[in-house]
Amino acid sequence: MFQDRLQALLVPAVQQAFASLFNAEVAADRITFQSTRPEFEGDVTINVFPFLKQSGKGPEPTAQSIGEHLQANVEVVERFNVVKGFLNLVIADRYWLGFLQEAREKDILQFPISGKKVMVEYSSPNTNKPLHLGHLRNNFLGHSVSRILQAAGHEVIKAQVINDRGIHICKSMLAWQKFGRGETPESSGLKGDKLVGKYYVEFDKAFKREIEELVTTGKSKEAAEKEAPIILEAQDMLRKWEANDPEVRALWEKMNGWVYAGFNATYVRMGVEFDKLYYESQTYVLGKNDVLEGVKKGVFYEKDGAVWVDNTNEGLDEKVLLRSDGTSVYMTQDIGTAIKRFEEFPGLAQLIYVVGNEQDYHFKTLFTILRKLGFAWASELHHLSYGMVDLPSGKMKSREGTVVDADDLIEEMVGEARATGEQLSKLDAVSEQEKTELYEMVGLAALKYFLLKVDPKKQMLFDPAASIDMQGHTGPFIQYTYARTKSLLKKAQAEFPVPSSQLSDAHGQLTTDNHALLPEERTVIKLLHQFPAMLEEAAARLDPSALANHTYELVKAYNTFYQTVPVLKEEDGAKRNFRIGLSAATASATKRAMWCLGIDVPERM
RNA sequence: GGACUCGUAGCUCAAUUGGAUAGAGCACCUGACUACGGAUCAGGAGGUUGGGGGUUCGACUCCCUCCGAGUUCACCA
């Protein structure tokens, strides 16, 4: 379904073959290709089992006659063989070399401008505590998907919603007021988000103490949770906030300011950024009118003074959209902000929410509601739902103190990169400053790649001890291959400058019988050749993992090539030039693919 | 209880969305011109794809059922 250009060339030819051989029509999307398995000769394979009805023959004769037809009529099909119902095609070297030439001349991972505008919302933190491991998966996914969509030719708006109001931040504010003694990030040396998080914990402690006391006086636990003075005070503070009480607002602005400074430091280190910020304190009033409008249209209904939507026909439930006192719920503002965004960006083609799968139900409901309100764009809303990140000890629980802090984790990964680097790297002559930058790059690559190589929708396990690997299927492995290739290319440039126009005749005259490409070379070219289709797929599925895995396959194949085939040591100039060109194409595709994942690659390490 | 996800080598993950003998990495063993950079490469061992049934020329993939894990179903956010 995501065809590369060779497949695009072959599909019509196969259709033609069916027409002239069997007088039968075959739909293009039913003709699927796969890479030929390494144990057979060939480059691409067509499975003919699905077409036996059309051909009226058995698998082997069908495959045989299609093979003959393709060989006779398609220039690049050089030979074929048939194994059971599988038709293996050998594609001429000429074709692969032509492609490589192109990959040298232009970026194969940048598609033409589509003119489509897409918004990706990710991160969406609460302002009462620091970012943690879950946010890292969210941010890396959102950032990578944004870049993938950009590479696919779209204009992308990266948006962050900041949940800056509500009872959670009031809890931190109140605890700071009571126990903080004027502590600030400056006076404590704590990052702003850490400081505010500390008072959120303080609140919880005090709250629990009060509950316990009330329980000893004979109250039930439920009653105590509702009556504890400190929670009543926090609720009162929230009311004051809503009434625009100047003192509360000033404190709120001050503490949120600390948090933003802290978040920004983390975002900078993570290497993610946003084009557009939405603050919940400004958007939480939205949606009410849209809901009332829906009541008029008869899409929603009133019951006991509240507004409801009935989604039972869609396999969902009934849901309150406005309480009987007329106030909003969370869903209300999500309805409002979605509508506002499409007003703000009239050409918006897609809106993607990167949010964990615990909100699957919420988004199903939201999208259903917007469809019912009649918005044409409702079909272009996507929930990029990702699974939880578990720890070996189980779930992250803030109450049990098992939350993995984002800053701490990055620090740990960078430290590990430094430890490994100091043992292995060949950078003795390099400045301390440059080394620090390098280890930062490597540590983050390890972390990002680890989180991105897994299918987003799947729940995954993060073992801090095992995850800091720098070997094998990891980000640093890809970086290492890139750096080594760049080093090779630098030498090549000094010793044997290669005009790219010479690449195509690197193997001399290429006839259909001339199999000059070595298997190691051929494998690398084929992986490069598949790259654009992988990007297309990643963009369509909003899934960086396929791209991440393919990048690994590519550098792995390149390493095999590098290890077994001489490049600079090759004495035949044409072959040497060709291999230098292959290396250059691999390096630039690797760099570009890693960019799509939000990962930097070093020139040396 | 209803709804949705998921279960693949000891561990962490793949498998072109129904195709050939289910592939990688880690860990474990054995090797590699005194390296075009060894954070590499070559090889070995490791599987009844949670169990059972069904559909199909063909099932890790689709259907049924059982077992196990997670999430979710507030006039919370």
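Order of the sequence lines fixes the chain letters, A, B, ..., with proteins taken first and strands second; residue numbering starts at 1 for each chain.
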| said: Is the base of B/G19 stacked against the aromatic ring of A/F86, taking ring centres under 5.5 Å apart and planes under 30° as the test? | reply: no

| request: Please state the P separation for the pair B/C36 and B/C41 - nearest whole angstrom. | output: 16 Å

| Would you say the base of B/A20 and the side-chain of A/N88 have a donor-acceptor pair closer than 3.5 Å? | yes

| said: Between A/T420 and A/Y439, is there a side-chain donor-acceptor contact under 3.5 Å, judged purely by atom types and distance? | reply: no

| When you compare B/A27 with B/C11, how far apart are their C1' atoms, in angstrom units rounded to a whole number? | 8 Å

| said: Taking 4.0 Å as the cut-off, does a side-chain nitrogen or oxygen of A/N559 come that near to OP1 or OP2 on B/U40? | reply: no

| task | State, to 0.1 Å, how close A/P476 and A/M605 come at their nearest heavy-atom pair, and which atoms those are. | result | O-CE, 4.0 Å

| If we require ring centres under 5.5 Å and near-parallel planes under 30°, does A/F49 stack on B/G58? | no

| message | Measuring only the P atom in each nucleotide, how far is B/U30 from B/C67? A whole number of Å is fine. | response | 47 Å

| field | Positions of residues 358-368 of chain A (non-hydrogen atom under 4.0 Å from RNA chain B), listed by number | value | A/E358, A/Y361, A/K364

| Do other residues, nucleotides or ligands put more than 12 heavy atoms under 6.0 Å from A/K221 NZ? | no

| message | We want to know whether A/T36 and A/T45 form a side-chain donor-acceptor pair, criterion being a heavy-atom distance below 3.5 angstrom. | response | yes

| Residue met sooner reading RNA chain B from 5', once A/V555 and A/P566 are mapped to nucleotides | A/P566

| query | Do the rings of A/Y353 and A/F367 sit parallel, tilted or perpendicular, given the 30° and 60° boundaries? | reply | tilted

| Within the modelled atom types, does a donor on one side and an acceptor on the other bring the side chain of A/T560 and the base of B/C41 under 3.5 Å apart? | no

| Any N or O donor-acceptor pair linking the side chain of A/T564 to the base of B/A42 at under 3.5 Å? | no

| query | Parallel, tilted or perpendicular for A/F86 and A/F49, by the 30°/60° rule? | reply | perpendicular

| said: Main chain of A/Y330, side chain of A/Q333: is a donor-acceptor contact present, judged purely on distance under 3.5 Å? | reply: no

| request: Could you tell me whether B/U30 is syn or anti, where syn means a glycosidic angle within 90 degrees of zero? | output: anti

| field | Spacing of A/F450 atom CZ relative to B/A39 atom C1', expressed in whole Å | value | 18 Å

| note | Of B/G37, B/G70, B/A39, the nucleotide closest to the side chain of A/S487 is B/G37

| message | Please report the distance separating the P of B/A14 from the corresponding atom of B/G52, rounded so that it comes out in whole Å. | response | 25 Å

| query | Picking from B/G38, B/C36, B/C41, which would you name as closest to the side chain of A/L568? | reply | B/C36

| task | Counting heavy atoms from C-beta on, name the nucleotide in B/G37, B/A39, B/A77 closest to the side chain of A/K491. | result | B/G37

| request: Select one nucleotide: of B/C36, B/A24, B/A14, the one nearest the side-chain heavy atoms of A/Y562. | output: B/C36

| Nearest-neighbour nucleotide for the A/L461 side chain, B/C13, B/G37, B/U17 considered | B/C13

| task | With C1' as the reference atom in both, quote the distance from B/U21 to B/G31 in angstrom, rounded to an integer. | result | 26 Å

| message | Using atom P in both nucleotides, what's the gap between B/A9 and B/C73 to the nearest angstrom? | response | 32 Å

| OG1-NZ distance between A/T586 and A/K591, expressed to the nearest 0.5 angstrom | 15.0 Å

| query | With rounding to whole Å, what would you report as the distance between B/G2 and B/U65 at their P atoms? | reply | 11 Å

| field | Nearest to side-chain heavy atoms of A/E537, which nucleotide of B/C13, B/G19, B/U17 | value | B/U17

| task | Measure from the side chain of A/P476, starting at C-beta and using heavy atoms only, and say which of B/A20, B/A77, B/A39 lies closest. | result | B/A39

| said: In whole Å, measure the gap between the P atoms of B/G50 and B/A15 for me. | reply: 15 Å

